[in-house]
Each structure stands twice: as structure tokens, then as C-alpha cells.
Protein chains: 2
Amino acid sequence: MVHPSGPVDPVQLGAYFALVEVTSLLRHAIEQQLQAAGDLSFVQFQVLSRLDRHSATGSHRMTDLADAIVHSRSGLTYQAGLLEKRGLVTRAPTAGDERGITVTITDAGRALLAQVMPGHVEVVSNLLFEPLARDSAEALAALLEPVRDHMRSAPPRSAQSRRRRSARPGGA
Amino acid sequence: MVHPSGPVDPVQLGAYFALVEVTSLLRHAIEQQLQAAGDLSFVQFQVLSRLDRHSATGSHRMTDLADAIVHSRSGLTYQAGLLEKRGLVTRAPTAGDERGITVTITDAGRALLAQVMPGHVEVVSNLLFEPLARDSAEALAALLEPVRDHMRSAPPRSAQSRRRRSARPGGA
DNA sequence: TATTGTTATACTCTATAACTATA
DNA sequence: TATAGTTATAGAGTATAACAATA
């Protein structure tokens, strides 16, 4: 067995491994369901549900959306293109900033989301929440939300790639 | 906003979204680190660390490994091939079952793991555990481990694909 | 000059189905 | 006949770098 430099807290390690495993299994099941129920990849589902629940307008700017989903901007362009082709979102110039593009979910997009949702909720309920009591779900949320906020406090991906671009190599 | 058929528990929804977000952010950071520190993908890292900590022999059969990591068997063959090419694992027939292949981590594999581990632990510590008190890590493990066991109680992927193969279509 | 978004490109990964060999 | 693993193949997805347009 490899023994890393510092003594690793076995409790933390257990939590981490459980998280990885749970996530892999859950994600695989979710992907199956989304594909079968609406021919959607998980990323596409994330885009649509972000737009759906984010605002009254159901809109987002491209970069914000990419950061929200932890995607490269070019990757999001690709996915948004697919969704647009299917009529699930529209893209239009952002008012007030001619550089920007605002993505908006369409009625068809909301309809597809509604079609896919019940099965989605069922998978998540069966796999993730069945073995958890109600207050355990509460506890899980209470644990993970601060973690998310902590992770989000770092600069987003879009900023990072730009920084790399701007940074002069060998700059002393 | 789309309203799915049943009333969805907002607490559960919050926990689920937080889980997805935390996982995406964490995984992206981990992949960066593993790539930089040892030219390893996350899946390859999972294979190696499974082998490393699974047993005294550091061995596993292909199908078991695939199931453990939630991979198709052919996908694992591909990854194992890459690892073998780099001398990080070996593949040899399983004793007692001529059909099987046993994968074993090599000294070079363990060395690479040791090389990559400190940075890996650091990323996980900084991102996941920094905002969590010690007993919160314990609580997280206590919540997720039963969930993992529950998910693992379903038949593994290898069994599923074989079942599909065997099932007669339109069989009444 | 920096930022927004797209495009061109190259590549990694993944899965399905067909195949071989053993139980 | 069912299982273990590989292979061939094809497709989906992702990112990097270069680019055009606006701030």
C-alpha cells in the first residue's frame, strides 16, 4: 500500500471514497434515464434545468452558464448548438452588451424537461434518498451547501483560462 | 418553472443539486491535478488506487474492476491496456479460471501513485474538507456509506449487459 | 488591451456488437 | 448455454488555440 507523505485522516478518506462511488453510480443511472426518456445527455439536462429554474425569463449568458456547469466555453457552445438545433433553447444577443449571447429556454424545452422530470426524480429518490431518512437529507444538504459555496468562492473556469492566456510565459 | 408530477421535497432537491455541483467542481480540480502530477486520467487513477488498496496482492479480475469503477468491460480493457503499456499494471491469466485475466499493480504503478497522492490529498482537503469540521466529515461518511451500499445492492453493470444480451426480444 | 463567443481541429474516451475461448 | 475478456468500430464529447467583434 502506498503511504502518502502526511498521515491521511481515514474518516475523511472514507467520506471521499463514498462520495466518489455514490456519484459514479448515481450519474450512470441518471444518464441512462435521461437518454431513454428524452434523448438528453446529463450536461444538456443541466443546461435546461439551470435555465428553467434560474430566472423568470429562463435566460443566462453563455459564460455564466459555462461556469455554472463547470464547462469550457467552447464545450458549452457545442452543447447549446445542439439544444438550439432541437428547438429547446434560443440564442440572442445580450441587451446592453453587444458581445454577449443570452440563452433562453423555449416552451419546447420546458415541455421536454417536464417529460423527463418524473423519471429523473424517481431515479434520484430510489437510489439516493431511499436509504436516507428525511432529516438525513437535510443533514446532507447542510453539509454539502457550505462546501459548494467554498468551491464557488474560487475564480470560475472562464476566468482561469483567460488568465493563462494573458500570463506572459517566463515572466520575471 | 416546470412542476413535475409529484410534489418534490425541496430539501431533497437542495441536497441533490449540491451533490451534483460539489462533485463536478471537485472532479474537475482532481482531473487537473492528476494530469499535471502524473499524466493520469481520473479513471486510471481509480484503477490504480483500487488495485493498490484492495488487497495484499494488488490484484483484481477485469470484470470486478469494471464493476467497481462503473465502467463497461470494453472501456476497462482500453484503460488497462494504456496502463499496461506504461508498465503500471500487468495482466495475467487468472489461476483456476482460464477465462479470467488478473490485473496487478506493479512497483512502477505504486510509485506513480505515491508521486501523485500528496497533491491529490491536498486538492481534496482544500476543496472538500476545508469547510467541514472533523465530525462533519464523519457525518458525511455516515450518510454516504449506506447510500453506496444501497446502490451496490443492485446487480452490477457486467450482469446487466449480459442479461440484455440473453433476453429474447419480444419474448412472450 | 481585455472580454465575449464561435470555430477549427485534434483527441480522448466510451459503448455496442461481434468474436474467441473457457466453464 | 453462459461467462470472461478482447477487438473493431463508430460516435459523442471535450478542450486548446486562433479568430472576429465589441467594451
Side-chain angles (χ1 to χ4, degrees), chain A residues 24 27-28 31-32 34-36 39-47 60-67 69-85 91-103 155-169, chain B residues 24 27-28 31-32 34-36 39-47 60-67 69-85 91-103 155-169:
Chain A
S24 297
R27 178 136 176 185
H28 181 253
E31 271 165 0
Q32 302 273 75
L34 290 174
Q35 201 62 52
D39 192 30
L40 283 177
S41 72
F42 185 54
V43 185
Q44 290 163 359
F45 173 75
Q46 281 183 293
V47 170
H60 244 321
R61 286 189 55 163
M62 291 291 284
T63 296
D64 296 342
L65 207 43
D67 286 338
I69 296 174
V70 193
H71 240 61
S72 67
R73 280 169 301 141
S74 77
L76 180 63
T77 296
Y78 171 74
Q79 292 294 347
L82 292 182
L83 292 174
E84 191 180 37
K85 233 177 265 170
R91 279 185 287 187
T94 301
D97 185 346
E98 288 294 316
R99 295 171 306 178
I101 294 285
T102 297
V103 189
R157 283 192 72 174
S158 57
Q160 286 174 26
S161 31
R162 294 215 169 91
R163 190 164 305 157
R164 201 177 303 148
R165 217 174 135 65
S166 308
R168 281 177 311 166
Chain B
S24 297
R27 179 137 175 184
H28 181 254
E31 271 165 0
Q32 302 272 75
L34 290 175
Q35 201 63 51
D39 192 29
L40 283 177
S41 72
F42 186 54
V43 185
Q44 290 163 359
F45 173 74
Q46 281 182 294
V47 170
H60 244 320
R61 286 188 57 161
M62 290 291 285
T63 297
D64 297 341
L65 207 43
D67 286 338
I69 296 175
V70 194
H71 240 63
S72 67
R73 280 170 300 139
S74 77
L76 180 64
T77 296
Y78 171 73
Q79 293 293 347
L82 292 182
L83 292 174
E84 191 180 36
K85 232 177 266 169
R91 279 186 288 187
T94 301
D97 185 347
E98 289 293 315
R99 297 170 305 179
I101 295 285
T102 297
V103 189
R157 285 192 68 174
S158 58
Q160 287 174 24
S161 33
R162 294 219 167 89
R163 191 165 303 159
R164 200 179 302 148
R165 216 173 136 66
S166 308
R168 282 178 310 167

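This one's a predicted model, so the numbers in the text were calculated from it and none came from an experiment. All values below were derived from every heavy atom in this structure, side-chain atoms included, with hydrogens, water molecules and symmetry-related copies excluded. Below, read A as the first sequence line, B as the second, and so on, with proteins coming before strands; counting in each chain starts at 1.
- Of the two residues near DNA chain C, A:His28 and A:Arg91, the one whose nearest nucleotide lies more 5' is A:Arg91.
- Atom CD of B:Gln32 is separated from atom C1' of C:dT12 by 15 Å (rounded to the nearest Å).
- With C:dG5, C:dA15, C:dT4 as the choices, the nucleotide that has an atom nearest any side-chain atom of B:Ser72 turns out to be C:dA15.
- Rounded to whole Å, atom P of D:dA12 lies 14 Å from atom CG of A:Leu83.
- A 4.5 Å side-chain heavy-atom check between A:Gln46 and A:Leu34 finds every atom pair outside the cut-off.
- Between A:Thr63 and C:dT3 there is no side-chain N or O to OP1 or OP2 distance below 4.0 Å.
- Toward the 5′ end of DNA chain D lies the nearest nucleotide of A:Arg27, the other residue of the pair A:Gly96 and A:Arg27 mapping further downstream.
- Looking at B:Ser74, its side chain has no donor and acceptor atom pair within 3.5 Å of the base of C:dT14.
- Taking 4.5 Å as the limit, every side-chain heavy atom of B:Ile69 sits out of range of all side-chain heavy atoms of B:Gln79.
- For A:Arg61, whose side chain is taken as the heavy atoms from C-beta onward, the closest listed nucleotide among C:dC13, D:dA23, C:dT4 is C:dT4.
- Protein atom CG of A:Leu34 is 16 Å distant from nucleotide atom C1' of D:dG13, rounded to whole Å.
- Atoms CE (A:Met62) and P (C:dT7) sit 10 Å apart, rounded to a whole Å.
- A residue-by-residue look at A:Arg99 and A:Val43 shows that A:Val43 has its nearest nucleotide of DNA chain D further toward the 5' end.
- One N or O donor and one acceptor, one from the side chain of A:Arg73 and one from the base of C:dG5, sit under 3.5 Å apart.
- Taking only side-chain nitrogens and oxygens, B:Ser158 never comes nearer than 4.0 Å to OP1 or OP2 of D:dA4.
- Using a 4.5 Å heavy-atom threshold, the side chains of A:Asp39 and A:Gln35 count as touching.
- B:His71 pairs by the ring pair (Phe, Tyr, Trp, His ring centres under 6.0 Å) definition with nothing, not counting sequence neighbours.
- For the pair A:Arg157 CZ and C:dG5 C1', the interatomic distance rounds to 16 Å; values are reported in whole Å.
- The distance from atom CD1 of B:Ile101 to atom P of C:dT22 is 11 Å, rounded to the nearest whole Å.
- In summary, of the residues considered (A:Leu40, A:Leu65, A:Leu82), a side chain to side chain contact (heavy atoms under 4.5 Å, CB included) with A:Val47 occurs for A:Leu65 alone.
- Distances shown here put every side-chain N or O of A:Gln79 at or beyond 4.0 Å from the OP1 or OP2 atom of D:dA12.
- One interatomic measurement links the two molecules: CD of A:Glu31 to P of D:dA12, which rounds to 14 Å at whole-angstrom precision.
- Between C:dT14, D:dA23, C:dT7, one nucleotide has an atom nearer to the side chain of B:Tyr78 than all others, and that is C:dT14.
- Among the heavy atoms of the strands lying under 4.0 Å from B:Ser41 are primed sugar atoms or P, OP1, OP2 only; no base atom is included.
- Spacing between atom CG of B:Asp39 and atom P of C:dT12 amounts to 10 Å, rounded to whole angstrom units.
- Shown here are the ring pair (Phe, Tyr, Trp, His ring centres under 6.0 Å) partners of B:Phe45, two or more places apart in sequence or in another chain: B:His120.
- Comparing C:dA15, D:dG13, D:dT7 against the side chain of A:Gln44 picks out D:dG13 as the nearest.
- For B:Asp97, whose side chain is taken as the heavy atoms from C-beta onward, the closest listed nucleotide among C:dT14, D:dG13, C:dA23 is C:dA23.
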